[in-house]
There are 2 protein chains.
Amino acid sequence: MANRRASITDLAKTLGLSPSTISRALSDHDDVSEATKARVRQLAEELHYKPNQLAAALRRGRSNTLGVLVPHITGHFFPQVVHGIATEAAKLGFNVMICQSNEDTRQEQTNIDLLMNSQVEGIMVSLANTTHDFRHFEAVRQQNIPLVFFDRVVEDFEGSNISSVMIDDYQGAYQVVTHLIEQGCTRIAHLSGPLHLNIHKNRHQGYRDALTAHGIEVDEELILFCEMNQKGGTQAMRQLLKLPQRPNGVFSSNDLAAIGAVQAAKSQRLRVPQDVAVVGFSNEMFTTLTEPNLSSVDQRCEQMGKTAVQLLQKMLKGSPQRQGPPKPIVLKPKLLVRESSQRR
Amino acid sequence: MANRRASITDLAKTLGLSPSTISRALSDHDDVSEATKARVRQLAEELHYKPNQLAAALRRGRSNTLGVLVPHITGHFFPQVVHGIATEAAKLGFNVMICQSNEDTRQEQTNIDLLMNSQVEGIMVSLANTTHDFRHFEAVRQQNIPLVFFDRVVEDFEGSNISSVMIDDYQGAYQVVTHLIEQGCTRIAHLSGPLHLNIHKNRHQGYRDALTAHGIEVDEELILFCEMNQKGGTQAMRQLLKLPQRPNGVFSSNDLAAIGAVQAAKSQRLRVPQDVAVVGFSNEMFTTLTEPNLSSVDQRCEQMGKTAVQLLQKMLKGSPQRQGPPKPIVLKPKLLVRESSQRR
DNA sequence: GAGGGTTCCGGATTCGATTCCGGTTGTTAG
DNA sequence: CTAACAACCGGAATCGAATCCGGAACCCTC
């Protein structure tokens, strides 16, 4: 038995009413008597009737669905953000459609198209790190589909007329370096990723500014660009320890490289944090599992996802004409001091 | 300018053709001349025409969307599986809609309804751990919507007539214990979670059977039920080390507790693996970051997601009448021997 | 040049819900 | 007793695409 779902006309026929009345009854419209409403509701219950969202969405022009496009759903950060997004979206009654760009601009384009064709009401994007051309977002613009970037945002786009949510990387880095200085570090190295990514750029700048603000001259020798993983961190640290004047503090732009640095230091019989204090960035879950526990900066991942959804909803509700100029939302990061940088 | 998207009728009008021809031209139907196909395609290009998936889905009765329902998108496991799902779904041309039950049966029900109303073509579910009543899946059944459970599956459901993907926890545990025995461990302890969860039950059984198979009597004193996190592992290990005859090997049902156990051992000046060898389960990403690196069992998370999608697709393609009895797919786990259990 | 085939296209219908515009009752006021 | 109005409901159009059915135009053949 091909158990087709009951449609609104099925209800109409068995009750001897018209589809329009059924529709109105189910949406609790005033033009329907309580008596018939009750009848309709009861039958709907019996037949397990559920409105076809596709049809309703098509008619209304509202799909009740939000799109998410992330580089990938691995590691710590993106899953957390997606978690925040899904949770908040569910609370507001939205479905969530999810895509991965795999850090590839072409897939990013395809997925943006896909989401738009699926008539999502809004799109949240974190850019692939290979994306330098933003034309595919121009289309989203033109269709007046609310668009929010998070974490990896575009810098210049139509006069930076975009909504975005990110954390204050600069501020986070600044806090880290200040903390290291307060712990007595005098030569603070920095492990950085490529500066064309704004996260690294801003952390790098925060590092420099914090040093100068405290009267410490920036030593370019202490700034190393490496692969931001464990191995990269280890190699970079080895190099730093060969310097005639080795650093006594390290600020790494992410946690993995920081762990690598710690291990390199320990393998040379240096004590962390007494000889070298190390701080990472991202507050990955493993930071509390290593020895010593790794100081890091919390990125408020979940909050970021939540905020992105709320921002979208605001844009959806606001009049399309005048919803105010979109201003980037910047979340405050939180420095978490743990064993790797606590010198007492 | 309210830039409404171009529809198929817009194309029809400006080209002086009928919507049906446009539709056929775009789907490369034989009944349209190459000349007009070219004209249509060109105009479509110019107007950035993209078919409205909602309308097409409604008409065709196929939404091209798969639904995923997981307890949550946090930690290591579920994001990895979702990653696998999203990747494979994209490859096969499906969209993915994602929901979280937050380990709550009611939310699980609501989300199942939601997915069904959104006309997804198939659903993948990992159960909330509070779910003991499976009536909400009965509806999915009745609508003939393909349903695949993964990892947390239902045991008895309509004569266990369900599709599922899981890993062989029993086998994984068995391998671990065998490995520990081969490394010379004679007293092997087991840290377990509550046995009403099938993952712990099966791992526990694998532990017992592997011991007896190698002629070692199971010592109930060495089996501890604890919170499966770092702290729980530490406490359990401390207790084990107070025994008159302390264990020289530990198999923990997850990695976090294993790390806790390692730390407890190290804090009592025991060497890992020489004095106590430790193996965890799940192959969390931090297993390669601790000292020593933690031996563990890989759960094939991504593979699980991929397999779930493939299974769904097979069900979608197969004739609804005879697609064979759904048999559970059991993935082989992979023991990864690292420093914490390698004694040479 | 009549019959039979292609080739290419249009009209109308359909998917399932929403919604505009009316129309039929029944009630009440004048 | 009629006009006016409210309460309730139906018909039909609509969203955008897919598809069934049929028809015009053209070519070929005997």
Side-chain angles (χ1 to χ4, degrees), chain A residues 2-41 43-44 47-65 113-114 116-121 143, chain B residues 2-41 43-44 47-65 113-114 116-121 143:
Chain A
N3 227 328
R4 203 176 50 80
R5 302 185 55 155
S7 80
I8 210 168
T9 46
D10 295 334
L11 293 195
K13 273 182 204 150
T14 61
L15 283 182
L17 291 173
S18 78
S20 29
T21 304
I22 306 292
S23 171
R24 278 183 291 235
L26 291 173
S27 53
D28 203 26
H29 195 286
D30 280 342
D31 281 0
V32 180
S33 70
E34 279 305 325
T36 41
K37 273 185 196 171
R39 285 206 304 152
V40 171
R41 277 198 272 256
L43 185 65
L47 299 186
H48 299 107
Y49 168 79
K50 294 287 164 47
N52 183 326
Q53 300 281 28
L54 288 183
L58 174 61
R59 181 59 236 263
R60 267 198 291 237
R62 295 195 40 208
S63 63
N64 239 272
T65 300
D113 276 355
L114 205 95
M116 286 178 46
N117 300 349
S118 301
Q119 312 296 113
V120 297
E121 294 191 49
Q143 313 274 344
Chain B
N3 225 327
R4 200 176 53 78
R5 301 187 53 156
S7 80
I8 211 168
T9 45
D10 295 334
L11 293 194
K13 273 180 204 151
T14 61
L15 282 182
L17 292 172
S18 78
S20 27
T21 304
I22 306 291
S23 171
R24 278 182 291 233
L26 292 173
S27 52
D28 202 27
H29 194 286
D30 280 342
D31 281 0
V32 181
S33 69
E34 279 306 324
T36 42
K37 272 185 194 170
R39 286 207 303 154
V40 171
R41 278 197 272 257
L43 185 66
L47 299 187
H48 299 108
Y49 167 81
K50 295 287 165 47
N52 183 326
Q53 300 280 28
L54 288 184
L58 175 60
R59 180 61 235 267
R60 267 197 291 237
R62 296 195 41 209
S63 64
N64 240 270
T65 300
D113 275 355
L114 204 94
M116 285 177 47
N117 300 349
S118 301
Q119 312 295 114
V120 297
E121 295 190 48
Q143 312 276 342

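Hydrogens, waters and symmetry mates are skipped; everything else that's a heavy atom, side chains included, is used. Every chain is numbered from 1, with letters handed out A, B, ... down the list of sequences. What you see is a predicted model, and the numbers here were worked out from it, not measured in a lab.
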B:Asp10 side-chain N/O to B:Ser7 backbone N/O, donor-acceptor pair under 3.5 Å: yes
For atom CG of A:Leu11 and atom P of D:dG10, their distance in whole Å: 13 Å
Axial bend angle, the helix from C:dG1-D:dC30 to C:dG30-D:dC1: five-pair end segments, nearest 10°: 60°
Side-chain-base donor-acceptor pair under 3.5 Å for B:Arg59 and D:dA18: yes
Residue pair A:Ala57 / A:Ser63: nearest heavy atoms and the distance that separates them: CB-CA, 3.7 Å
Spacing of CZ belonging to B:Arg59 relative to CG belonging to A:Leu54, to within rounding of 0.5 Å: 14.0 Å
Side chain A:Arg60 and base C:dT18 donor-acceptor under 3.5 Å: no
Protein-nucleotide distance (A:Ile8, atom CD1; D:dG10, atom C1'), rounded to Å: 14 Å
d(NE2, A:His29; C1', C:dT19) in whole Å: 9 Å
Listed nucleotide nearest any side-chain atom of B:Asn52, set D:dC8, D:dG16, C:dC9: D:dG16
DNA chain C contacts among residues 18-26 of chain A, heavy-atom distance under 4.0 Å: A:Ser20, A:Ser23, A:Arg24
Touch class at under 4.0 angstrom, heavy-atom based, for A:Leu54 against every strand present: nothing
d(NZ, A:Lys37; C1', D:dA7) in whole Å: 12 Å
Minimum-distance pair of heavy atoms, taken over all atoms of A:Tyr49 and A:Leu26: CE2-CD1, 3.4 Å
Exercise: identify the closest heavy-atom pair between B:Val32 and B:Ala25: CG2-N, 3.9 Å
Earlier contact from the 5' end, DNA chain C, for B:Asp30 and B:Leu58: B:Asp30
Protein-nucleotide distance (A:Leu47, atom CG; C:dG16, atom P), rounded to Å: 15 Å
A:Tyr49 OH to C:dG16 C1', straight-line distance once rounded to whole Å: 7 Å
Sugar-phosphate, base or nothing in reach of A:Asp31, heavy atoms under 4.0 Å: base
Short side-chain to backbone donor-acceptor contact, B:Ser118 and B:Val120, under 3.5 Å: no
Distance, rounded to the nearest Å, where A:Asp28 contributes CG and C:dT19 contributes C1': 17 Å
For the student: nearest non-hydrogen atoms of B:Leu15 and B:Ile22, plus distance: CD1-CD1, 4.4 Å
Between D:dC15 (P) and B:Arg5 (CZ): distance, integer Å: 15 Å
B:Ser23 (side chain) donor-acceptor with B:Pro19 (main chain) under 3.5 angstrom: no
Non-hydrogen side-chain atoms of A:Gln53 and A:Thr65 separated by less than 4.5 Å: no
Polar side-chain atom of B:Arg5 near backbone of A:Met116 as donor-acceptor pair, under 3.5 Å: yes
Sugar-phosphate only, base, or nothing, as touched by B:Thr36 at under 4.0 Å among non-hydrogen atoms: sugar-phosphate
Options D:dC9, C:dG16, C:dG10, nucleotide nearest the side-chain atoms of A:Ser33: D:dC9
